[in-house]
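Step one of this worksheet: look at the structure below.
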2 protein chains.
Amino acid sequence: MATIKDVAKLAGVSVSTVSRVLNGSGYVDKTTEERVLSSIRSLNYQPNRIARSLVTRKTKTIGLILPDITNPFFPEVVRGAEDEAHKRGYNIILCNSDWDEEKEQVYLSVLQQQCVDGVILVGTKLSESYLVSIAATFPPIVVIDRTIALDMHSISSNNIQGAYAATGHLLAQGCRIIGHISGPEQSVSARQRMQGYRQALDEAGIPFLPELVVGGDYRMTTGKAAAAELLRRSPQLEGIFCANDLMAIGALEQLREASFRVPRDVAVVGYDGIAMSRYVYPPLTTVVQPTYRMGERAIQLLFDSIERNQPEFQHIELEPLLEIRKSSTRRACDENASRSRHR
Amino acid sequence: MATIKDVAKLAGVSVSTVSRVLNGSGYVDKTTEERVLSSIRSLNYQPNRIARSLVTRKTKTIGLILPDITNPFFPEVVRGAEDEAHKRGYNIILCNSDWDEEKEQVYLSVLQQQCVDGVILVGTKLSESYLVSIAATFPPIVVIDRTIALDMHSISSNNIQGAYAATGHLLAQGCRIIGHISGPEQSVSARQRMQGYRQALDEAGIPFLPELVVGGDYRMTTGKAAAAELLRRSPQLEGIFCANDLMAIGALEQLREASFRVPRDVAVVGYDGIAMSRYVYPPLTTVVQPTYRMGERAIQLLFDSIERNQPEFQHIELEPLLEIRKSSTRRACDENASRSRHR
DNA sequence: CTCCCGTGTGGTAACGTTTTCATAGAGGTA
DNA sequence: TACCTCTATGAAAACGTTACCACACGGGAG
């Protein structure tokens, strides 16, 4: 690989001048510039980013830590982030933490050594106090899918509102006995979705029954088991609101195996709006989160922090959107074949 | 951030000694080592990878270029690669090329500037000659999902064999008029799958009819349209072998909308084994590719090239596996659908 | 006694950039 | 003429490591 010195030698100038041409900084004569550029071309020179990073202390690299890229909620977040990063000349380093705090910490430390310019944490399990404590020695951090009150960027969607809309929809479909398969207890968003569920029941004057809530962990198999448990506890069940789509899909499977008809016997609503939700049978009503936008916005926030040096921390809350499909439309469930929206 | 100099000063030794402790290279006295280690701890020192990379010319970073992380075939490949990379102390830089040759080239160049130690190309559209031509000036490259004959690592699964098994399965189910929704023409794997399809028909003594093949591009909507076209051309259709699962899922949707029963009227088989395939209705028979393993093996190959300096290029071919589900089993297809509960 | 080798340590030149400072000519102004 | 400013350029010091070389000490072999 040719270096800046080779270019300088070939063009008959000093490395300083080549550097100035490269960065468009300082004065450089028109004709020398052309000479330099042609040397660059003929040597097929590409500046070494590592060397550049060492002196500028910027790597144009952003670390993205998420639980598991295999989980269909995350790829779109990543895509949003990567697209936006690429536009701005940044690269993304991907890390899978498996919802494991320790692994998250390891990755954070690796990223710090790697001198990334920023970090995006999706669905982190790290405590707010820990995050705030490391923020001082870290490049800017954006937390997605979790609201951090203090000195840190965060992006989330309004889980309470989304869950409230989902449960409200089930009520509007005539369901009165509505179960909830919740997310993991430590998860803030899971708790918020539960809260939205309770709030909707409250406002409809329906008492909250603890036995109608089964704890899950966002995985498909758990959703299936939870649905079975729910049916065991309350055979009269009319609707299930699941804290995410994967569990809802597991629930659909259980219902089918137990010969319940969806939505006629039991209506089901999920959460997240993963691509798969549209193609299960019956197509799953779900609360769509703006995942792509979340990744995109995260990069924008980091960019503002890094390049514009904007110190104010932003807490962005995006709106989730209830997308009604067949799994919950009891009124018009048989005749109305193509009511679902296509994007 | 503390540097190696700070550590050296605090421990009362030279930077060389600290470096030796850090890398476990050369002689260093037991007690000095402890003194250095405790200085490292008390300063919370972390070696700067950028500086290290500049001199060692190794970044412990691997670039992974794929078409679109949002496409459910890829996350598992990425996960396999990332897990294996993490074990070995490497990081992954993720790039989405959108099946766009130009974007692939841009990313390759960026990765080269970034001095990655290796590159994984998944489903690249770049020509073999181009790849071979850049290989000389590049870090080691592994091509996944494409066999490169020449001087380059490659990992693929046997597409002909997989497609042959899929089509053979449809024949075994009694299908005689079997359509094929193919992948993009430029794609080698797509052509191979077509070849396996033809071969199976051949051996069963069934003539190959060009009108039973509709060209697709691996996307769901195309699969849907292609299925419609296939039904228009040949209403007697008994089976469809799709070159990937997404198109198969699109086909299922079309068949449902056109009131064909799957698998009784038309049996459907997909390819890839994406997670979603299990949860559509009816569950999709598919040729499962060992995606996780492909990513994993790719890293192993790169690792051998980088650290062990093994020069021989390997062409690994993994076995795909036909996973039979309801979308193609014509014998026992009805019972489940009509067993709904009445109360 | 001398030589050599194993051990332990420090000094310093890389690595490929950017950045800061110095220099110098050209042209304008007082 | 003397001085300043603008333009154009080069030299050299960073950036934080590793790697190479030099040196010193002790002890065993000859």
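A note on names: the letters A, B, ... follow the listed sequences, proteins ahead of strands, and every chain is numbered from 1.
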Checking the side chain of Asp29(A) only, and the main-chain atoms of Thr31(A) only, is there a donor and an acceptor separated by less than 3.5 Å? yes
Answer yes or no: is there a side-chain heavy-atom contact under 4.5 Å between Asn48(B) and Gln113(A)? no
Examine the side chains of Glu76(B) and Thr70(A) and answer whether a donor and an acceptor come within less than 3.5 Å of each other. no
Atom of Met1(B), atom of Asp6(B) and distance for their closest heavy-atom approach: O-OD2, 4.4 Å
Going 5' to 3' on DNA chain C, which nucleotide is the first and which the last to come under 4.0 Å of a heavy atom in chain A? dG16(C) to dT19(C)
Can any side-chain N or O of Ser39(B) pair as donor or acceptor with the backbone N or O of Arg35(B) at less than 3.5 Å? yes
Tell me if the NZ atom of Lys103(A) is crowded by more than 12 foreign heavy atoms within 6.0 Å. yes
Describe the nucleic acid contact of Ser16(B) in one word from base, sugar-phosphate, nothing, applying a heavy-atom distance below 4.0 Å. base
Return the value, rounded to whole Å, for the distance between atom OH of Tyr27(A) and atom C1' of dT5(D). 9 Å
Separation of atom NZ in Lys5(A) from atom C1' in dA11(D), rounded to whole Å: 13 Å
Quick one: label Thr3(B) by what it contacts on the DNA or RNA (base, sugar-phosphate, nothing), any heavy atom closer than 4.0 Å. sugar-phosphate
For Glu312(B) and His153(B), which heavy atoms make the closest approach, and how far apart are they? O-CE1, 3.4 Å
Would you indicate whether the side-chain heavy atoms of Gln114(A) and Thr59(A) approach each other to under 4.5 Å? no
Just checking, any donor-acceptor pair under 3.5 angstrom between side chains of Asn71(B) and Tyr218(B)? no
Residues in contact with DNA chain D, drawn from residues 44-61 of chain A - heavy-atom cutoff 4.0 Å: Leu54(A), Val55(A), Arg57(A)
If you go through the side-chain atoms of Ser25(B), does one of them form a donor-acceptor pair with the base of dA19(D) closer than 3.5 Å? no
Determine the contact category for Ser19(A): base if any of its heavy atoms lies under 4.0 Å from a base atom, sugar-phosphate if only primed atoms, P, OP1 or OP2 are that close, otherwise nothing. base
Arg20(B) CZ to dA19(D) C1', in whole Å, measures 10 Å
When the nearest nucleotide of DNA chain C is assigned to Asn23(A) and to Arg35(B) on a heavy-atom basis, which residue is associated with the more 5' position? Arg35(B)
With nearest nucleotide decided by heavy atoms, which residue, Ile4(B) or Val15(A), maps closer to the 5′ end of DNA chain D? Val15(A)
To the nearest angstrom, how far is Glu33(A) atom CD from dT7(D) atom P? 15 Å
Check for a donor-acceptor pair, side chain of Glu104(A) on one end and backbone N or O of Pro67(A) on the other, with a separation under 3.5 Å. no
I want to check something: taking the side chain as every heavy atom from C-beta on, are Tyr90(A) and Phe303(A) in contact at a cut-off of under 4.5 Å? yes
Using the C1' atoms of the five pairs at each end, what is the angle between the end axes of the helix from dC1(C)-dG30(D) to dA30(C)-dT1(D), to 10°? 60°
